[in-house]
Amino acid sequence: MSKDFYKSYIYPHLGIIIKICRAYTNTQEDFEDYFQEVCLQIWRSKANFNEQSAWSTWVYRLTLNVCLTFTRKKKRNVTVIDNIEHNEIDDDYESAFTSESFRMLNEAIKKLSKLDRAIILLYLEEKSYKEIAEIIGLSSGNIGTRINRIKNRLKKILNGKIY
């Protein structure tokens, strides 16, 4: 994977890739594995992109699929080991993960179902209901309803009413 490929195809979407990978992992080691696998899959699958949706939509969908696949494999105790060169992440993105409020929100998001996690992460990326619906495969109306329910659930989790 060349630096040019990384700069052109991965770096512009680094924020959402990192957020999704963080939402599905509990350790730095797992995060790095998920992140590397996402980058590898983007590189491997670039030729399969058929332009039926925006590149960013495709990257979000691919990232979610990789994270969900890894999560299922971990539950079955299957270890996936890759020897992929790790690309350094900008300090700006790393510092975003050190704030206490972000950590608390991230922990609350991890308590949501896989689908709700995906929806709220896209919402936090300021995607429209239509874009989220396209990525997730639900109707826009359903997305709006789910987002309101997710917000209420997150409030309860953060206020200590749900564990």
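Heads up: numbering here begins at 1 and tracks the sequence.
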Nearest heavy-atom neighbours spanning Ala133 and Ser139: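 Where Ala133 meets Ser139 most closely, the heavy atoms are CB-C, 3.8 Å.
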
Minimal non-hydrogen separation, Glu134 against Thr57, with atom names: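 For Glu134 versus Thr57, the nearest heavy atoms are OE2-CG2, 3.7 Å.
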
Between [X] (side chain only) and [Y] (backbone N and O only), is there a donor and an acceptor less than 3.5 Å apart?
X      : Y      : value
Arg117 : Ala23  : yes
Glu131 : Ser128 : yes
Tyr24  : Lys114 : yes

Would you compute the distance between atom [atom1] of [X] and atom [atom2] of [Y] and round it to the nearest 0.5 angstrom?
X      : Y      : atom1 : atom2 : result
Phe31  : Ile20  : CZ    : CD1   : 11.5 Å
Ile120 : Leu154 : CD1   : CG    : 5.5 Å
Cys39  : Ile10  : SG    : CD1   : 3.5 Å
Ile132 : Glu125 : CD1   : CD    : 10.0 Å
Tyr60  : Thr63  : OH    : OG1   : 9.0 Å
Ile157 : Glu107 : CD1   : CD    : 11.0 Å

Side-chain donor-acceptor contact under 3.5 Å, Glu32 with Gln36: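 There is no such pair between these side chains.
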
With Asn26 via side-chain hydrogen bond (donor to acceptor under 3.5 Å, both in side chains) - residues at least two apart: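 Per chain and number, Asn26 pairs via side-chain hydrogen bond (donor to acceptor under 3.5 Å, both in side chains) with Lys110.
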
Would you say [X] and [Y] make side-chain contact, with heavy atoms under 4.5 Å?
X      : Y     : value
Ile135 : Leu64 : yes
Arg44  : Gln41 : yes
Ser45  : Trp58 : yes
Val59  : Val38 : no

Under the salt bridge (Lys or Arg N to Asp or Glu O under 4.0 Å) test, residues paired with Arg146 that sit two or more places apart: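 Arg146 satisfies salt bridge (Lys or Arg N to Asp or Glu O under 4.0 Å) with Asp116 only.
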
Worked check of side-chain contact (heavy atoms from CB on, under 4.5 Å) between Trp55 and Ile42: CA-CA 11 Å; Trp55 174 258; Ile42 291 171; 3.9 Å; yes

Among Ile147, Thr145, Asn152, side-chain contact (heavy atoms from CB on, under 4.5 Å) partner for Arg149: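 The passing option is Thr145.
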
Over 12 non-hydrogen atoms of neighbours within 6.0 angstrom of OH in Tyr123: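 Atom OH in Tyr123 is not crowded, with 12 or fewer foreign heavy atoms closer than 6.0 Å.
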
